[in-house]
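For reference, the structure discussed in these notes is given below.
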Amino acid sequence: MTERVDIAGVEERPRPTEPAQPGPFATMWRVFARMPLSAQFGTVVILAYVFVAVFAPWLAPFRESQIVGAQFEPWSAAFPFGTDQLGRDLLTRLIYGARNTIGIAVLTTGLAFLIGGLLGLLASVVGGWLDQALSRCVDVLMAIPLLIFALVLLSIFGTSVFNLVLIIAVLDSTRVFRLARATAMNVVVMEFVETARLQGESLLWIMTREVLPNILPPLTAEFGLRFCFVFLTISALSFLGLGIQPPTADWGSMVRENATLIAYGDPTPLLPAGAIALLTVAVNFVVDWFLHKTSGLRDEA
Amino acid sequence: MNPIVTTVLQRVGLGVLTLLAVSVIIFAMIEMLPGDFASAILGQTATPETVAAFQRSIGLDKPPVTRYFEWIGGVLQGNFGESFSSAGALGGGHAKTVASLIGPRLSNTLFLAGFTALISVPLSLALGLLAALYRNSIFDRTVNLVTLTTISVPEFFVAYILMLILAVKFPIFYSLANVSPDTPFFERVARTALPAISLMLVIVAHMMRMTRAAIINLLASPYIEMAKLKGLAPSSVILRHALPNAWAPIGTVVALNLAYLIVGVVVAEVVFVYPGIGQLMVDSVAARDIPVVQACALLFAMAYILLNLLADIVGIVTNPRLLHPR
């Protein structure tokens with residue numbers, strides 16, 4: 001029933017038909033081998049981060065909040081990156097930070113896509129006053145810079161991880177809504193959607209089975225970009241002391257907590273900041289390649 | 001009526017409407033306060049009488065619509081209400097007004113933002129234009145890679161690297177931007193240099209990439225091809241044919257990035273301990289001083305909306321199709 005259509009230049013490459021179906025790992029390896037160098041670098045970095053995040057308790061030399069030495073000890077054999085302002089091992093905090101910071105950002109982005117994607121699909125399929133109402137609401141919400149809006153909401157609801165995830169997800173879902181609605185609008189006018197409507201398929205069916213598969217490639221690329229944005233926003237809020245709260249190990253907070261060291265010429269606070277930077281650069285490289293591949297357009301802007 | 005005037009008036013009307021809607025949203029936030037908020041502000045020891053007095057003092061006993069009009073009426077006269085920070089001392093003493101907290105900091109933030117914009121706008125437009133004209137050259141590729149990296153990393157990363165290199169390892173600039181109202185102009189510039197440079201790096205990267213894309217897009221249009229085929233000199237192609245159509249995209253790029261500067265300012269002010277509105281807002285969020293947060297948010301949102309409106313208007317009044325209607 002659902003056929004792949006060409007939306008905004010997005011086209012499916014015909015898959016080369018192999019006589020023997022290669023295993024999933026072989027296919028993945030082939031995709032990887034064909035990537036440009038920057039995307040390969042990005043993929044390796046992302047996989048490394050995921051590995052560290054998943055196996056944090058086995059990789060870290062100490063427990064997450066264990067105090068193991070004096071405050072701000074310099075780099076040594078026992079503590080490769082020294083200790084932080086409470087005497088906790090910085091390497092351990094960095095490793096657990098991967099798990100907490102990335103986990104929370106992925107959760108938030110996922111939630112934003114769930115809210116924004118569903119509402120965007122709903123607005124485009126139902127149309128009429130619902131579309132108008134949702135779109136005007138989103139317009140007004142987007143008229144306030146996201147970080148500023150988040151700060152206002154955090155001052156009202158207080159700072160906790162739960163509030164943080166919810167607030168950023170709702171605010172960021174406006175951006176997802178825009179994209180989902182715009183791309184879905186091109187699909188809902190197609191004949192096969194009309195056919196499904198005439199067949200009396202339910203709203204949910206039309207949204208998820210007819211429209212969604214056709215807007216998946218742009219949404220996937222957007223997921224990478226939105227992840228970077230959410231990740232940077234949450235890190236900025238944590239850095240400002242209003243995001244992820246201690247004693248949870250988190251990169252943004254770690255920069256804040258150890259920032260005084262910079263004045264003594266000690267680059268330690270740059271480690272968590274660099275960890276954030278490296279991941280966003282890696283994701284950007286992969287998204288760049290993915291956009292290039294799925295759209296066939298040159299990467300302008 | 002002249003189509004330009006009507007379109008501009010429409011945009012201005014829409015902008016005013018958006019501002020009103022935003023002010024309602026920012027105001028309505030206080031309605032979502034949890035019930036135990038007063039005791040959270042006043043501390044655990046607050047008696048029910050103190051809590052009631054506090055709620056009366058911030059007007060929670062009046063209907064929301066009345067309070068909104070009182071608030072927005074005050075804002076229009078520059079009166080943002082009273083800060084919560086001194087509300088603990090109820091019954092005696094003067095509460096600080098929000099305006100007295102914001103006033104001196106607003107000029108500091110405007111100074112930093114203006115200083116940054118003054119240098120980064122011409123610089124990034126020039127770089128973007130060069131990258132577009134010498135597309136795919138080594139210059140273009142290098143600039144592309146560097147800017148992609150710069151826009152992907154957090155602002156505080158850039159800021160701390162600069163602080164480490166330019167203030168600690170090689171003490172050229174001040175590492176902390178502590179200015180006071182009576183700091184002389186040149187010392188103020190010197191003290192603001194590092195936050196301004198770190199903001200510039202990020203803004204220039206964004207703005208330059210967008211300028212480059214806009215120009216490339218423009219140079220690909222058929223009438224530019226036509227002008228080239230007519231045998232016009234390159235300078236004439238750019239100045240007479242491309243530039244009149246480029247103002248709209250360039251205006252959008254500049255406004256978008258100045259709006260982005262608003263957010264960057266918050267982080268930069270905290271890193272360099274610069275006494276501006278961003279830092280005030282962050283402190284107030286931590287202290288849950290809602291009136292101050294509302295006032296700061298309104299100012300930031302206003303700047304953001306006005307900049308976008310300005311970009312729209314620049315786009316309209318320079319649009320050759322509207323300037324010379326058929």
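Each chain gets a letter, A, B and so on, in the order its sequence line appears, and its residues count up from 1.
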Among [options], which has the most heavy-atom pairs under 4.5 Å with chain A?
| options | answer |
| --- | --- |
| B:Ile25, B:Ile165, B:Leu164 | B:Leu164 |
| B:Met163, B:Met281, B:Met302 | B:Met281 |
| B:Ile305, B:Ile151, B:Thr211, B:Val22 | B:Val22 |

Segment of [X] engaging chain B (4.5 angstrom heavy-atom cut-off):
| X | value |
| --- | --- |
| A:Ala143 | both |
| A:Pro269 | neither |
| A:Leu153 | side chain |

Tell me if a side-chain donor or acceptor on A:Arg93 pairs with a main-chain N or O of A:Asp250 at a distance below 3.5 Å. no

Would B:Ser137 and B:Asp140 count as having a side-chain donor-acceptor pair, cut-off 3.5 Å? no

Could you tell me which residues in residues 268-277 of chain B have at least one non-hydrogen atom under 4.5 Å from a non-hydrogen atom of chain A, sorted by residue number? B:Val270, B:Val271

Taking all non-hydrogen atoms of both residues, which atom of [X] and which atom of [Y] are closest, and how far apart?
| X | Y | result |
| --- | --- | --- |
| A:Ala169 | A:Ala112 | O-CB, 3.5 Å |
| B:Thr18 | B:Leu14 | OG1-O, 2.7 Å |
| A:Ala150 | A:Leu171 | N-CD1, 3.6 Å |

Enumerate the residue pairs fulfilling side chain to side chain donor-acceptor pair (under 3.5 Å) with a member in residues 267-284 of chain A, sequence neighbours excluded, ordered by first and then second residue. A:Trp75-A:Thr268, A:Asp266-A:Thr268, A:Asn284-B:Ser152

My understanding is that only residues two or more places apart in sequence, or in another chain, count here; which of them pass salt bridge (charged side-chain N to carboxylate O under 4.0 Å, His left out) with B:Arg191? B:Glu187

Does anything in residues 227-243 of chain A reach chain B? List residues with heavy atoms under 4.5 Å apart, or say none. A:Leu232, A:Ser235, A:Ala236, A:Phe239, A:Leu240, A:Leu242

Need one label for B:Tyr160: side chain, backbone, both or neither, based on atoms under 4.5 Å from any heavy atom in chain A. both

